[in-house]
Structure formats: structure tokens, C-alpha cells
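Numbering of residues begins at 1 and proceeds along the displayed sequence.
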Amino acid sequence: MMNDKLRAARKSRLGIYIHIPFCLAKCKYCGFYSAAGSSEDERREYVDSLIEDIEEYGKVYGKTRTVDTIFIGGGTPSILDEGEIKRILVAVRNAFDVDDDAEITIESNPKTLTKSKLLEYKQAGINRLSIGVQSLNSDILGTLGRVHSAEDFYENFKLARECGFDNINVDLMFAVPGHTMEIWEDTLDKIFELGPEHISFYSLQIEEGTPFYEMFMAGNLDQVPDEIDRAMYHRTIEKLKAAGYEHYEISNACKPGHECRHNLKYWSLEEYLGIGSGASSYMEGVRFAEAPVLEFYENSKEDDMSEYVFTGLRKTTGFDLDDFNNRFGMKLWEAFGDRRENLAEFLEEGLLIESQGRLYLSEDGLDVSNAIMAEFV
């Protein structure tokens with residue numbers, strides 16, 4: 001008889017993303033599928049539907065996959081009553097084989113966390129907390145349309161530590177209208193003093209359908225110049241490294257050993273199952289999303305090779321050339337030999353580096369990552 005550990009080892013690994021589309025208020029920059037102003041009844045009905053979906057997906061994938069990461073994102077999942085989060089995770093465990101050491105993350109807004117919620121999260125098995133603070137400057141928070149204050153964040157971070165969370169991510173945003181290097185560095189320094197295990201840092205992107213987009217089209221958005229944006233980005237990397245963080249992906253850094261295991265699945269072309277309105281999945285070479293009806297796209301081998309390369313190049317270590325060969329049965333430059341000429345300048349200038357069996361971007365290469373990645377699409 002095969003023991004349980006051996007059986008689990010032979011199953012393929014799966015990440016599950018669960019989307020909670022509710023939030024207190026829609027931020028001016030947010031292009032994600034989310035909505036403000038929901039009632040408790042609406043949220044409860046959504047969770048009921050979500051659990052039905054979890055059960056159905058479990059019938060399809062539950063016996064052939066071992067779940068090693070769960071990510072509850074949004075929206076603002078922490079807007080739900082703590083009992084609803086527990087119901088969701090109980091449903092996942094009933095439908096799937098979840099690793100004892102699975103990374104389980106929940107996203108949160110500093111205005112929505114309480115001690116009772118945090119304790120319930122811990123009891124439900126959540127071991128990674130992600131807090132969307134974006135800035136510790138009140139003017140910048142106002143510009144972004146955030147509903148919380150810096151004080152709310154400080155209180156929540158302290159509370160999370162007291163409740164036993166030892167793996168906390170903080171989301172930050174730079175190049176916001178009104179941002180200066182001084183304001184940005186002040187936020188970074190204050191975050192470093194708190195010492196979260198993981199920091200995500202994103203440049204403001206203007207998404208269609210957002211208030212910022214309307215302001216931009218009307219000529220009323222005072223954007224930060226590109227050169228200041230890039231200066232902020234490189235200064236961030238410099239300060240992160242000095243503070244003991246490892247810059248492991250374009251917009252993510254962590255203390256050693258605290259990479260986000262779930263997000264690494266996205267950047268390594270591994271399987272993940274998205275459950276909930278607007279969530280997307282990649283399973284058995286097929287991409288599908290509920291947006292708002294279920295849409296499917298079966299990747300070709302060429303699609304998978306392209307996605308493997310341009311998601312792999314998001315990681316600062318890039319990807320292993322032998323792994324590419326093993327996965328696809330051909331070497332990288334056999335598959336993309338016709339692109340080599342277009343990439344020659346990037347390679348010669350050290351922006352794209354092929355060394356010691358890996359292909360990766362230099363720090364300066366990250367500034368032109370879109371142009372390099374586009375060559376593999």
C-alpha cells in the first residue's frame with residue numbers, strides 16, 4: 001500500500017486563487033474587478049456561490065492535485081466577516097488535498113482589520129497577511145482615494161504581530177501624482193523600521209475605466225515624469241538591498257526565504273485555479289476565466305513557450321535554459337532563433353543576459369523589460 005506522503009508527492013502541485021470582489025470604496029487607480037457598497041446579504045450570497053464552485057472544482061481536480069498555496073485576493077477580502085473566510089477555507093480543505101505547510105495568504109485593507117478577524121484568520125490556517133497601504137503620506141493616500149490613514153496601518157500592523165503573524169507583505173505604490181523622491185523615501189524608511197517579511201512596490205499604471213484614466217484623458221492628471229518614475233524604482237531597489245531584502249521579481253522583494261510562493265506559480269508557468277467572479281486559471285494547458293461568463297483558451301505549445309519566457313523574465317534570476325529544453329523538447333534559441341537578431345542589441349548592452357545556463361534581465365534591463373518580453377510573444 002502506498003502511504004499518504006508518497007501518494008501526495010506523486011500528485012501535481014496546485015495553487016488556488018479565491019477572488020472576493022467587494023471593497024469599502026473603489027480607489028481612483030483600481031482596474032481590478034471589484035465593487036464598493038455591497039450589503040452583508042450580498043456578500044453572504046456570494047460566499048455561498050463561491051463554496052458551491054469550490055465543491056464543483058474539487059470534484060474535477062481534488063483527487064489529482066495537492067494544494068500548496070491559497071491566495072484570497074480582491075477587492076478587499078478582509079471586508080468579509082471572519083466567519084465567512086473560515087467557511088471558504090473549510091470548503092477548500094473538504095474539496096482538495098491541502099498541504100500541512102501550504103502558504104495561505106489573505107489580502108487586507110488597514111481600515112477593515114480587527115483583532116477578532118486576525119485571530120480567526122490564524123485559527124483558519126492563514127499564515128501570510130498582505131496589507132495594502134500604498135503610502136504613509138496623507139496627501140498621497142488622498143490622491144489615490146484610499147479610505148485608510150497611516151495610523152490605521154500602524155495599528156493594524158502592530159495588531160497582526162501581536163496575533164502571531166510572522167509573514168506579512170506590504171503593498172506600496174510610487175510615481176503617484178504629487179509624489180517626490182523625499183516623500184517616497186520617507187514611506188520606505190518607515191516601512192523598513194517595521195520590518196515586514198515581504199514588500200511589493202508598484203509604479204502607478206493608468207488603467208482604462210478608472211477615475212485616473214478619465215482625468216488623464218481630460219488632461220487633468222499631473223503625472224510623474226518617466227525619468228522620476230525610473231529613479232524612484234532604482235532607488236527603491238538600492239534601499240531594499242541595504243535593508244536586507246532580496247529583490248526577486250520586478251516589483252517584489254523579501255527577506256531571505258519569504259518569497260510569495262503563490263505568485264511564483266504565475267511567473268513559472270505552473271498550474272493555478274482561480275475561483276470567483278473575474279478570477280482566471282491555468283490548468284492542463286488551458287486558460288479560462290469567469291468574466292462574467294466562463295471563457296476558455298487552449299494554449300498551443302508556442303503559447304506556453306512564450307508565456308514561460310516572458311513570465312520567467314519577471315524574476316530577477318530569470319529562468320533555467322535546461323528547464324526550458326526539458327519542458328518543451330527543444331532549446332530556447334531553436335524555438336526563438338528568429339528573434340535573436342532583434343534581441344542582439346539588448347544582449348550586447350547587457351540588458352538581457354545569458355550566463356551560467358540562465359537567461360535574465362539586468363537591473364537596467366528591467367526598465368526596458370516590456371520591449372524585451374514583446375520579442376518572445
Side-chain angles (χ1 to χ4, degrees), residues 7-19 54 57-58 60-73 92-93 95-107 127-128 130 167 169 198 200 246 248-254 257-276 278-290 295-330 332 335 357-361 369 373 376-377:
R7 188 178 292 110
R10 292 186 61 174
K11 290 183 181 180
S12 59
R13 319 299 281 180
L14 175 66
I16 291 180
Y17 172 81
I18 295 171
H19 190 69
I54 290 168
Y57 279 122
V60 179
Y61 300 115
K63 289 183 169 57
T64 58
R65 308 289 196 284
T66 297
V67 175
D68 59 352
T69 69
I70 301 170
F71 196 106
I72 306 173
V92 172
R93 286 195 169 90
F96 292 88
D97 175 20
V98 178
D99 259 3
D100 290 341
D101 65 344
E103 175 194 85
I104 306 178
T105 304
I106 187 168
E107 288 186 327
N127 50 31
R128 186 174 184 273
S130 181
N167 192 1
N169 170 64
H198 193 284
S200 298
E246 296 176 350
Y248 74 98
E249 192 270 345
I250 288 178
S251 300
N252 288 276
C254 65
H258 286 86
E259 296 88 349
C260 179
R261 288 160 49 194
H262 183 83
N263 285 345
L264 280 169
K265 291 182 181 291
Y266 301 148
W267 305 320
S268 304
L269 200 65
E270 295 177 17
E271 287 191 327
Y272 58 91
L273 179 63
I275 307 175
S280 61
S281 305
Y282 176 73
M283 298 292 297
E284 299 173 345
V286 177
R287 293 202 175 277
F288 54 96
E290 188 180 334
E295 298 176 351
F296 291 86
Y297 178 80
E298 186 169 354
N299 271 20
S300 65
K301 181 179 179 179
E302 288 71 24
D303 291 331
D304 276 347
M305 289 192 296
S306 290
E307 291 179 15
Y308 178 93
V309 173
F310 68 72
T311 56
L313 287 176
R314 290 192 62 89
K315 297 176 287 187
T316 55
T317 57
F319 61 88
D320 186 283
L321 295 170
D322 284 340
D323 184 59
F324 182 94
N325 190 4
N326 293 335
R327 288 185 69 153
F328 302 112
M330 63 173 67
L332 178 74
R358 302 190 71 83
L359 190 72
Y360 59 96
L361 299 173
S369 59
M373 292 173 186
F376 291 98
V377 177

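Between the side chain of T66 and the backbone N or O of R13 there is no donor-acceptor pair closer than 3.5 Å. The backbone N or O of V98 sits nowhere less than 3.5 Å from a side-chain atom of R93 that would complete a donor-acceptor pair.
By the side-chain hydrogen bond (donor to acceptor under 3.5 Å, both in side chains) test, Y17 is found to be paired with H19, residues two or more places apart in sequence or in another chain being considered. Taking H258 as the reference, nothing meets the ring pair (Phe, Tyr, Trp, His ring centres under 6.0 Å) condition, with sequence neighbours excluded. Scanning for side-chain hydrogen bond (donor to acceptor under 3.5 Å, both in side chains) contacts around S251 gives an empty result, with sequence neighbours left out. Partners of N252 according to the side-chain hydrogen bond (donor to acceptor under 3.5 Å, both in side chains) rule, which considers only residues two or more places apart in sequence or in another chain, are S200, E249. Partners of E271 according to the side-chain hydrogen bond (donor to acceptor under 3.5 Å, both in side chains) rule, which considers only residues two or more places apart in sequence or in another chain, are R65. Under the rule for a ring pair (Phe, Tyr, Trp, His ring centres under 6.0 Å), the partners of F288 that lie at least two apart in sequence or sit in another chain are F296. Partners of K265 under the salt bridge (Lys or Arg N to Asp or Glu O under 4.0 Å) rule, at least two apart in sequence or in another chain, are D68, E270. With sequence neighbours left out, the side-chain contact (heavy atoms from CB on, under 4.5 Å) criterion links A95 to I54. For V60, there are no side-chain contact (heavy atoms from CB on, under 4.5 Å) partners, not counting sequence neighbours. Among residues two or more places apart in sequence or in another chain, the side-chain contact (heavy atoms from CB on, under 4.5 Å) test is passed with S130 by T105, E107, N169, D171. Taking E259 as the reference, nothing meets the salt bridge (Lys or Arg N to Asp or Glu O under 4.0 Å) condition, with sequence neighbours excluded.
Between R327 and L269 the shortest heavy-atom distance is NH2-O, 3.0 Å. For V309 against L332, the heavy-atom pair with the smallest separation is CG2-CD1, 3.8 Å. Nearest heavy atom pair, residue G274 against residue A279, reads C-CB, 3.6 Å. Heavy atoms only, all atoms of each residue included: G276 and E290 are closest at O-OE1, 4.0 Å. Of all heavy-atom pairs between A102 and V67, the closest is CB-O, 4.0 Å.
Atom CD1 of I275 sits about 12.0 Å away from atom OG of S280, to the nearest 0.5 Å. To the nearest 0.5 Å, the span separating CD1 on I16 from CZ on F96 amounts to 4.0 Å. Here the CG-OG1 distance, from L14 to T69, works out to 7.5 Å after rounding to the nearest 0.5 Å. How far CE of M283 is from OG of S12: 7.0 Å, rounded to the nearest 0.5 Å. Interatomic distance, I72 CD1 to I18 CD1, rounded to the nearest 0.5 Å: 5.0 Å.
A 4.5 Å side-chain heavy-atom check between C260 and Y248 finds at least one atom pair inside the cut-off. Side-chain contact between N167 and N127 is absent, with no heavy-atom pair separated by less than 4.5 Å. Using a 4.5 Å cut-off on side-chain heavy atoms (C-beta onward), F324 and L359 make no contact. Put simply, the side chain of M305 reaches to within 4.5 Å of the side chain of M330, judged on heavy atoms. Side-chain contact between T311 and F319: absent, with no pair of heavy atoms (C-beta onward) separated by less than 4.5 Å. Residues L313 and F310 have side chains not in contact (no heavy-atom distance under 4.5 Å, counting atoms from C-beta outward). You'll find the side chain of L264 reaches within 4.5 Å of the side chain of K315, heavy atoms only.
Side-chain contact, Y308 with D323: a donor N or O sits under 3.5 Å from an acceptor N or O.
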Please walk me through it: do H262 and R128 pass side chain to side chain contact (heavy atoms under 4.5 Å, CB included)?
CA-CA 11 Å; H262 183 83; R128 186 174 184 273; over 6 Å; no
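A ring-centre distance under 6.0 Å is not found for Y272 and F71.
Residue D100 qualifies as open at atom CG: its count of foreign heavy atoms under 6.0 Å is 12 or below.
Within the structure, salt bridge (Lys or Arg N to Asp or Glu O under 4.0 Å) pairs that include any residue of residues 301-312 comprise R287-E307 (at least two apart or interchain).
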